[in-house]
Every structure is written in C-alpha cells, then in structure tokens.
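Input: a single structure, listed below in structure tokens.
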Amino acid sequence: MAKKTDAAGGTPATLALTRAGVEFTAHPYEHDPRAASFGLEAAEKLGLDPERVFKTLLATVDGDLVVGVVPVTALLDLKALAAAVGGKRAEMADPRVAERKTGYVVGGISPLGQKTSLTTVVDESAILHETMYVSGGRRGFDIELAPDDLVRVTGASYAAIAR
C-alpha cells in the first residue's frame, strides 16, 4: 500500500492519515445516488468481500456521541456499544447531528478526520483482515488501511459491537 490522496487534493480523512504518517490507499468509485446501502455499494463497485468494508455509525450513549465502526453486512449492537464505552443506554444519533459533529454527509462519514474528536469503537472482526475499508469522507470514496492504524489514529478501541 502506498500513501495516496485522491485527485481533489484530499479529504479531512486522507489528510489526517497523511499527517499521522499512515500508509493507506484511496479507492474512488462512481457512486450511484439510488444505492440502498452505501457500504454494500462500495463493496460491489470495488469488487471486495463485504466483510472487509466497514460503515461508520454515530450513536448517543448516555447523552454523549460515540462512533461505531462495523462491517457493512452487520448491524450496530447498541447495547454492546454502550457497554464498550462504560455506558448504560445507546440510541442512534440524529443524522443532522452526526453531520454537524463530523463535518461529513451521511453516507460519506469517515471515522477519520472528524471535526469533533469522538470516542470511537471498531468492531473486533476488523482484526481478522490485513486491511479494511472505511469511508474516505464522501460518497464514492473509500480508504484501505490496516485496522490497527485506524484504531491508533482515531484513539479507538476494539469490541464486539456488531450483530
């Protein structure tokens, strides 16, 4: 994997990785606005096993925003996410709040380079893969990187948060 940025000069996600000295590969693809699932669309367009493509979801745990990163084939287990961060109750965040706090649009929210630094939990299944794919900060753009690099750059932890 080589350090690369996309042709537009980078997104906050690619810039965060470059600043951290992390190797990654940018994978742009032609986004179809009619796609029912942005993550499954990425897996299909990039010819990937969907288990390697992860989506970034925001939830409110006891009033605080928390980022959950889970495979696109799975659902976020809200109870497990709450437990992973020492909380009691979790619910999905309002999409407008998610966009405002991260600086990204829904369907293009990256766990990297967010406007507000949030507690992040990556599903432990990520460690089964040498590299994983996450949104690069816009629809139609994924980043491939090592799971441990994602955890290091975001200050995340691993936990079983997918079901």
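Considering only heavy atoms from C-beta on, Glu144 comes within 4.5 Å of Arg52 through its side chain. The shortest distance between side-chain heavy atoms of Thr119 and Asp64 does not fall below 4.5 Å. Leu76 has its side chain within reach of Met92: a pair of non-hydrogen atoms, C-beta onward, lies under 4.5 Å apart. Contact of the Val70 side chain with the Arg163 side chain is not registered, since no non-hydrogen atoms from C-beta on lie closer than 4.5 Å. Contact check for Arg138 versus Val105: no side-chain heavy atoms found under the 4.5 Å cut-off. Residues Asp32 and Glu41 form a side-chain contact, since some pair of their non-hydrogen atoms from C-beta on lies under 4.5 Å apart. Between Arg89 and Asp62, the closest side-chain pair of non-hydrogen atoms falls below 4.5 Å. Within the 4.5 Å cutoff, side-chain heavy atoms of Pro111 are placed close to those of Leu150.
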Exercise for the section: Using the side chain to side chain contact (heavy atoms under 4.5 Å, CB included) rule, take Phe24 and Thr18 through it: C-alpha gap first, then chi angles, then the decisive distance, then the call. Expected result: CA-CA 9 Å; Phe24 66 93; Thr18 300; 3.7 Å; yes

Which is it for His27 and Leu48 under the side chain to side chain contact (heavy atoms under 4.5 Å, CB included) test, yes or no, and what are the steps along the way? CA-CA 11 Å; His27 292 278; Leu48 300 169; over 6 Å; no

In sequence, state the C-alpha distance, the side-chain angles, and the governing distance for Leu118 and Leu58, and then conclude on side chain to side chain contact (heavy atoms under 4.5 Å, CB included). CA-CA 9 Å; Leu118 300 170; Leu58 273 76; 3.8 Å; yes

(message) Checking Asp148 against Tyr158 for the side chain to side chain donor-acceptor pair (under 3.5 Å) test, could you report, in this order, the C-alpha distance in whole Å, the side-chain angles of both residues, the deciding distance, and whether it holds?
(response) CA-CA 9 Å; Asp148 286 346; Tyr158 287 114; 2.7 Å; yes

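Rounded to the nearest 0.5 Å, atoms OG (Ser37) and CD (Glu44) are 10.0 Å apart. From Leu128, atom CG reaches atom CD of Glu51 across 9.0 Å, with rounding to the nearest 0.5 Å. The distance from the OG1 atom of Thr25 to the CD1 atom of Ile143 is 10.0 Å, given to the nearest 0.5 Å. A distance of 12.0 Å separates OG1 of Thr14 from CG of Leu145, quoted to the nearest 0.5 Å. Atom OH in Tyr104 sits 13.0 Å away from atom CD in Glu99 (nearest 0.5 Å). Taken from CG in Leu81 to CG in Leu57, the straight-line distance is 9.5 Å, to the nearest 0.5 Å.
Shown here is Lys101, whose NZ atom has no more than 12 heavy atoms of other residues, nucleotides or ligands within 6.0 Å.
Separation of the Phe38 and His31 ring centroids falls under the 6.0 Å cut-off.
The hydrophobic cluster containing Leu46 also contains Val53, counting ILVMFWY residues as joined when their side-chain heavy atoms lie under 4.5 angstrom apart, directly or transitively. Note on Val67: it clusters hydrophobically with Val134, by side-chain heavy-atom contacts below 4.5 Å among ILVMFWY residues. In the hydrophobic clustering of ILVMFWY residues, with side-chain heavy atoms under 4.5 Å counting as a link, Leu112 and Ile127 come out together. No continuous path of hydrophobic side-chain contacts links Val66 to Ile109 [ILVMFWY only; heavy atoms under 4.5 Å].
In terms of heavy-atom proximity, Asp77 sits nearest to Ala80 at OD1-N, 3.0 Å. Closest approach of Ala59 to Leu78, counting heavy atoms only: CB-CD2, 3.9 Å. The minimum heavy-atom distance linking Ala156 with Val121 is given by the pair CB-N, 4.5 Å. A pairwise comparison of heavy atoms in Ile161 and Gly68 identifies CD1-CA, 4.0 Å as the closest pair. Heavy-atom minimum distance, Pro147 versus Met132: CA-SD, 3.6 Å. In terms of heavy-atom proximity, Leu40 sits nearest to Pro50 at CD2-CB, 4.1 Å.
When atom types are taken as modelled, the side chain of Asp142 and the backbone of Tyr133 share no donor-acceptor pair closer than 3.5 angstrom. Counting only distance, with no hydrogens or angles, the side chain of Thr56 and the backbone of Val69 share no donor-acceptor pair below 3.5 Å. Side-chain N or O atoms of Thr116 include none that pairs as donor or acceptor with a backbone N or O of Gln114 at under 3.5 Å.
Using cut-offs of 30° and 60° on the angle between ring planes, the pair Phe54 and His129 is perpendicular.
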